Protein chains: 2
Amino acid sequence: MSIRPRPTSRDVAERAGVSQATVSLVLRDRWRGRVSPARVEAVRAAVAELGYRPNLAARSLRLGRARTALVVVPALTNEFFARMYAGAARVAAGEDVGVVLYVPPDERGPAPDPFASAGAAVDGVLASSMAAESLATLSQGGLPLVMLDSEPRGPGTATVNPDIADGTRQVARHLLGLGHRRFAHLAAEVDSWTFRVRARVLAEELAAVPGARLVAAERAPITVRGGLGAAERVLAGARGKAGPTALVCDDDLLAVGACKAARRLGLRVPEELSVTGFDDLTVATAVEPELTTVALPAEDLGAAGMHALLALLAGTSPATTVLPAALLPRASTAPPPPGP
Amino acid sequence: MSIRPRPTSRDVAERAGVSQATVSLVLRDRWRGRVSPARVEAVRAAVAELGYRPNLAARSLRLGRARTALVVVPALTNEFFARMYAGAARVAAGEDVGVVLYVPPDERGPAPDPFASAGAAVDGVLASSMAAESLATLSQGGLPLVMLDSEPRGPGTATVNPDIADGTRQVARHLLGLGHRRFAHLAAEVDSWTFRVRARVLAEELAAVPGARLVAAERAPITVRGGLGAAERVLAGARGKAGPTALVCDDDLLAVGACKAARRLGLRVPEELSVTGFDDLTVATAVEPELTTVALPAEDLGAAGMHALLALLAGTSPATTVLPAALLPRASTAPPPPGP
DNA sequence: CTGAAAGCGCTTACAG
DNA sequence: CTGAAAGCGCTTACAG
């Protein structure tokens with residue numbers, strides 16, 4: 001089993017009896033009116049026989065662009081980001097653009113240079129839900145950049161966001177409409193735009209209704225365990241007293257944890273406690289009762305982001321796009337129990 | 001806002017008052033004993049001032065390798081693959097290797113060429129859970145290839161697999177040990193090595209115990225809905241009769257669907273029906289009762305796969321590695337109800 | 001310790 | 001319709 005060196009376009013040209021230029025023309029499908037059909041066939045045959053594939057590094061170098069985008073997400077084991085990635089990748093594939101994925105090794109600690117780690121040459125960057133510092137590193141790259149689910153930074157940058165404010169508003173009004181007045185907020189312990197908006201809008205909506213108020217707020221890692229622990233702290237502290245009747249959670253995983261906490265404390269959801277999530281993850285309809293939550297168009301977000309990046313690379317000026325969020329009322333919310 | 005052309009190593013050299021060769025030596029950290037400290041400093045300063053980043057396409061072309069691996073997974077919205085990817089990416093980052101991710105746009109239809117779509121130059125391929133046809137395309141690439149969670153194909157290929165057979169065996173024996181004799185199998189409707197092994201080993205284990213048998217088998221898409229539908233068919237067909245007392249599911253999502261079906265039919269889990277999953281996804285401990293399932297070392301699998309690929313690129317001969325699977329007995333399994 | 005030069009494999013403007 | 005040649009930006013063997 002000897003190692004056969006990888007064939008080059010020169011080898012193909014030799015075998016087909018044509019010049020390297022002709023091979024390139026055929027491979028890039030720019031041959032019409034320039035290369036005779038017989039030679040086109042000869043080139044294709046030689047390509048197949050040799051199992052030739054163009055050297056992408058050479059092509060990128062020559063063309064000055066790589067037709068490749070760097071996609072940066074905080075974590076992939078999070079279904080929301082995975083769906084966003086899927087949307088971005090679908091668009092990229094359709095436009096014949098490659099995708100290099102970069103996930104920072106750890107959310108803590110200084111973010112290493114994504115470009116050094118990327119290995120491949122990229123033309124632009126699509127970055128999601130980045131903390132401010134990580135974003136600085138990305139901007140320094142000097143590459144065209146589109147941000148997803150991030151703080152809009154004025155007309156100079158391209159941003160594609162879900163309408164977090166409206167989603168949060170819908171949750172608040174849904175619960176207020178059911179009669180709830182004592183709320184607790186189970187917040188994600190991540191300092192990013194999306195979660196800051198949720199906290200702010202929830203506070204605003206409650207402030208607008210007399211008698212409504214936030215009786216507790218807890219931060220937790222975005223996991224079932226995190227939600228469980230935080231909800232236990234919130235609910236245990238208020239046993240028998242004027243505790244919250246509604247738990248607004250920043251994420252479905254937190255909401256699932258909250259439901260588990262309620263069950264352990266003997267509180268029925270939704271009869272004694274209403275719980276809402278965010279994202280409409282798979283888990284939202286896996287549990288019983290199924291979660292009332294806010295569906296964010298994760299795939300569309302990724303797709304729109306990739307479209308925006310390609311437009312940017314083509315010379316469009318950056319803008320901010322906002323995609324709608326939708327409340328999905330399900331079985332984890334109901335009117336509060338008759339009060340004390 | 002004029003477009004400033006990206007600086008090259010030539011620009012850096014000029015600014016630092018050295019040759020291009022010196023710049024390269026400094027950037028690749030090969031300068032010790034060859035470049036004076038003062039000039040090293042000058043180069044670093046020039047790099048910082050210009051915001052220079054090496055052109056990776058040019059470097060790859062010159063070096064003849066890209067230090068980049070192509071990772072191919074069937075879907076990323078599946079938590080198992082996302083975890084596998086995370087493990088592979090962690091190792092790659094540690095070895096300063098880039099990762100290009102390729103996810104076939106649709107499982108149906110002919111798989112497009114992952115290399116054409118990849119955009120970037122890659123040195124090797126890490127492919128997971130591929131159907132046979134997709135695998136053929138990958139092998140044709142002529143690149144070093146490591147397969148994950150796939151049919152071992154003899155000493156010529158590198159494979160890293162979880163011990164699916166042992167995991168299935170543990171599930172079967174756990175249920176047999178609890179006293180179950182009438183089983184149903186909720187299988188994934190995907191024709192791949194991993195699921196074929198599960199069906200085969202389950203059948204073998206039941207065949208080894210007198211009186212034990214498979215009373216039903218259904219195939220379903222790997223979703224909660226899929227599991228719900230399949231379980232309804234299995235359970236509804238057997239109402240009051242000698243239906244299964246244990247449902248062995250190929251995946252946690254199927255198992256969650258099965259639990260929902262049982263609840264709708266008024267069957268209590270685990271008192272009247274035991275249900276098992278596979279993978280130990282987040283959802284396994286999100287639902288109540290928490291699922292008895294088989295934990296597969298997804299991250300380790302990805303990490304081991306990337307290590308194997310790097311070893312292959314370094315000249316090692318391919319081999320098959322098997323990683324352990326572990327039964328996690330939780331609350332969805334119990335002895336069967338006293339039988340008729 | 002330093003620099004000039006060759007060449008990786010491709011694509012395209014140009015000459016025929 | 002076809003081919004010879006230049007050059008993308010980098011790295012390294014070589015000459016000084």
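Treat the numbers as computed from the prediction; the structure is a model and nothing was measured. Lettering follows sequence order; numbering is per chain, from 1.
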Of the candidate nucleotides C:dG9, D:dT2, C:dG3, which contains the atom at the shortest distance from the side chain of A:Arg34?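 So the side chain of A:Arg34 is nearest to D:dT2.
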
Side chain of B:Val18: nearest nucleotide among C:dG3, D:dT12, C:dG9?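 Closest of the options to the side chain of B:Val18: C:dG3.
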
Given atom [atom1] of [X] and atom [atom2] of [N], what is their separation to the nearest angstrom?
X       : N      : atom1 : atom2 : result
A:Leu63 : C:dT11 : CG    : P     : 6 Å
A:Arg62 : C:dC10 : CZ    : P     : 13 Å
B:Gln20 : C:dA4  : CD    : C1'   : 10 Å
A:Arg67 : D:dC8  : CZ    : P     : 22 Å
B:Leu50 : D:dG9  : CG    : C1'   : 15 Å
B:Asn55 : C:dC10 : CG    : C1'   : 13 Å
A:Leu61 : D:dG9  : CG    : P     : 7 Å
B:Trp31 : C:dG3  : CH2   : C1'   : 19 Å

Which residue lies toward the 5' end of DNA chain D, A:Gly17 or B:Val23, if each is placed at its nearest nucleotide?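 Nearest nucleotide further toward 5': that of A:Gly17.
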
With a 4.0 Å cutoff (strictly under), does any side-chain N or O of [X] reach OP1 or OP2 of [N]?
X       : N      : value
A:Ser19 : D:dT2  : no
A:Ser24 : C:dT12 : no
B:Ser9  : D:dT11 : no
A:Tyr52 : C:dG9  : no
B:Arg39 : C:dG3  : yes
A:Thr22 : D:dG3  : yes

More than 12 non-hydrogen atoms from neighbouring residues, nucleotides or ligands closer than 6.0 Å to CZ on A:Arg28, yes or no?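 Enclosed: over 12 neighbouring heavy atoms sit under 6.0 Å from CZ of A:Arg28.
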
Does atom CZ (B:Arg196) have a neighbourhood of more than 12 heavy atoms from anything else shown, all under 6.0 Å? yes

What is the base-pairing partner of C:dA4, counting Watson-Crick and G-U wobble geometry with both distances under 3.5 Å? none

Using Watson-Crick geometry (N1-N3 plus N6-O4 or O6-N4) or G-U wobble (N1-O2, O6-N3), each under 3.5 Å, C:dA13 is paired with none

Charged N to carboxylate O under 4.0 angstrom, A:Asp123 versus A:Arg67?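 No, no charged N to carboxylate O under 4.0 Å.
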
Charged N to carboxylate O under 4.0 angstrom, B:Glu14 versus B:Arg10?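 No salt bridge links B:Glu14 with B:Arg10.
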
What does B:Arg59 touch in the nucleic acid at a heavy-atom separation under 4.0 angstrom: a base, only the sugar-phosphate, or nothing? sugar-phosphate

Side chains of B:Met147 and B:Val125 in contact at under 4.5 Å (non-hydrogen atoms): no

I'd like to know whether A:Val71 forms a side chain to side chain contact (heavy atoms under 4.5 Å, CB included) with A:Met306, so could you lay out the CA-CA distance, the side-chain angles of the two residues, the decisive distance to 0.1 Å, and finally the verdict. CA-CA 9 Å; A:Val71 174; A:Met306 185 58 75; 4.1 Å; yes

Go nucleotide by nucleotide along DNA chain C from the 5' end; which of B:Arg32 and A:Ala57 gets its closest nucleotide reached first? B:Arg32

